[in-house]
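Following: one structure in structure tokens, then a few remarks.
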2 protein chains.
Amino acid sequence: MTGFMFSEAANVTERRQQPPALAISTVIFALRPSASSGRPVLWLPLVRRIREPFRDHWALPGGPLTQAESLQDAAARNLQETTGLVPKYLEQLYAFGGLHRSPGQRVVSIAYWALVQPTEAALAEESINVKWFRADKLQQLAFDHNEIVNYALWRLRNKMTYGTIAYHLLGEKFTLAQVREVYEAVLDRALDPANFRRQLTADRQIEATGEYLQGGKHRPPRLYRYTGALAADKYDNFDDDDLDGKAAAVP
Amino acid sequence: MTGFMFSEAANVTERRQQPPALAISTVIFALRPSASSGRPVLWLPLVRRIREPFRDHWALPGGPLTQAESLQDAAARNLQETTGLVPKYLEQLYAFGGLHRSPGQRVVSIAYWALVQPTEAALAEESINVKWFRADKLQQLAFDHNEIVNYALWRLRNKMTYGTIAYHLLGEKFTLAQVREVYEAVLDRALDPANFRRQLTADRQIEATGEYLQGGKHRPPRLYRYTGALAADKYDNFDDDDLDGKAAAVP
DNA sequence: TTAGTTCAGGTCATCATGACTGTAACTCTT
DNA sequence: AAGAGTTACAGTCATGATGACCTGAACTAA
């Protein structure tokens, strides 16, 4: 034992009265049809801070962790309070615990990211304190929330390239072009329609319904269905911990 | 504003006296030459619990988060106290926050995983309260630490297949066979020597020194050097947070 | 000298991918 | 009604990565 842990003994009393606070923040992603092209674009809701620090800056929805709920539940509740919707996907992102993240009391934030499918009403219903922003062009946010959003975006794009999260952003039936548009919106680049189609049709977890999508200004595309299991965050609702840190002294 | 957050007002006082405790636990991996074959095998150090709950069970090294250090620093210090070594690699794994992880007070554990290169002395120097175990055959650990170890192992193997962490477990100069043995030890399967060589030699970040490793019972292999940058955990020492959860009320 | 070992460089078939072409099927315009 | 415009759908071709396998080189040990 090095004694390092108590090297700032003068602060111990103050620390015990003010332990690090635990908060949950969530990056919420949703697709919204572009006004011009009609193709989906990635958006996220932010909340306006009504107190110092960073008063009137935009920030991620979040709040303190209450004793009664798990981390995942806290994130889901927060999300529901912000968007009024149940998340299609929710995954833990990272625990941010730098010493000076927040002026004043130290705060450790456990960040989550989520996918939602907002109704038209939920997207339109903005207040002065909650607003939707395009994920790709964000202004300066409160605290380090820009970094959190960028990390979440990176994770989302990663999962999109070799995963099945795209189907969390689609309905039960969809055309292959709609799937491609989801990919293009998230990855922010055009994909070759023919090659994309080849990959999806090689996937046995996607099967064609007999139906076709009518109403377009061109040849009606087939409607498909995703038959595989949709992934969920594996690591939650775990039970364990270790508090007797002193037993960890070196052999 | 829903007021949901304070819907259990009766418990607020109790909660404020016992907020969720924050702890850091670390899964520490090291390679150790097999007694029989001499090839490296994956090991990790565990500590014996000296108190209830799970008294006399083996557990991950860890301890409470003090006010004065970042999450990463807390993990690094803990690791140093356990193995006596400086980590070659340290990365945040996951925040475990289930309601009943620990009997009694609620605890949220932020888990890290690390790679170390222990000296012979550090590996041999076991006490009654700290012991090295093979990563692939673990007994039942305290709390949910088996799941944490398994998750860390999964992450390690993932990073090994498409990353550069292997070089954190090697010295400055190494033979290609030694790199392959590291991969085989972590992934727990044999790799084709010729194909493995082809991949590594195609990597421009690996260059041959002029030297050869002498002393083997066969043709002396070349010694190589890794010239690329070794990855570190990107997301640490961040500064931000959001406490005013009430601003997150739905529009 | 010979056997045993690993090192090192190579071939071959297979598969995934990006770039690209052509035809089918529908709507809209004139 | 004919043609233009658009997308759906099916296919080709070259390329690169990969797994399986082969051969000779260079060293040690018997």
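Computed from a predicted model, the values in this text were never measured in an experiment.
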* Provide the start and end nucleotides, 5' to 3', of the part of DNA chain D that has atoms under 4.0 Å from heavy atoms of chain A. => D:dG5 to D:dT12
* To do: Provide, to the nearest angstrom, the distance between the CG atom belonging to B:Leu213 and the P atom belonging to C:dC7.
  => 10 Å
* Structure fact -> Closest of C:dG10, C:dC20, C:dC26 to the A:Asp192 side chain is C:dC20
* To do: In whole angstrom, give the distance that lies between atom CD of B:Glu181 and atom C1' of C:dC7.
  => 13 Å
* To do: Using heavy atoms to find the nearest nucleotide of DNA chain C for B:Lys217 and B:Arg222 separately, return the residue whose nucleotide is more 5′.
  => B:Lys217
* Looking across every strand, which nucleic acid part, if any, lies under 4.0 Å from B:Ala177 by heavy atom: base, sugar-phosphate, or nothing? -> sugar-phosphate
* Asked: Any donor-acceptor pair under 3.5 Å between the side chain of B:Arg197 and the base of C:dG10?
  -> no
* To do: Describe the nucleic acid contact of B:Gln214 in one word from base, sugar-phosphate, nothing, applying a heavy-atom distance below 4.0 Å.
  => nothing
* For the pair made of CG in A:Leu200 and C1' in C:dT17, what is the distance, rounded to whole Å? -> 14 Å
* For B:Glu172, check salt bridge (Lys or Arg N to Asp or Glu O under 4.0 Å) against everything at least two apart and list the hits. => B:Arg225
* Calculate the interatomic distance between A:Tyr183 atom OH and C:dT17 atom P; express it in whole Å. => 12 Å
* Asked: Are a donor atom and an acceptor atom from the side chains of A:Glu181 and A:Tyr183 found within less than 3.5 Å of each other?
  -> no
* Check salt bridge (Lys or Arg N to Asp or Glu O under 4.0 Å) between A:Asp203 and all other residues, then give those that pass, not counting sequence neighbours. => none
* Decide whether a cation-pi geometry holds between B:Arg198 and B:Phe196; the criteria are a distance under 6.0 Å from NZ or CZ to the six-membered ring centre and an angle within 45° of the ring axis. => no
* Relative to each other, are the rings of B:Tyr94 and B:Tyr151 parallel, tilted or perpendicular (30° and 60° limits)? -> perpendicular
* Asked: In whole angstrom, what separates A:Leu187's CG from C:dG18's C1'?
  -> 16 Å
* Do NZ/NE/NH1/NH2 and the carboxylate oxygens of A:Lys173 and A:Glu211 come within less than 4.0 Å? -> yes
* Asked: Which of parallel (below 30°), tilted (30 to 60°) and perpendicular (above 60°) describes B:Phe133 and B:Trp58?
  -> perpendicular
* To do: Map A:Arg198 and A:Arg219 onto DNA chain D by nearest heavy atom, then report which one ends up closer to the 5' terminus.
  => A:Arg219
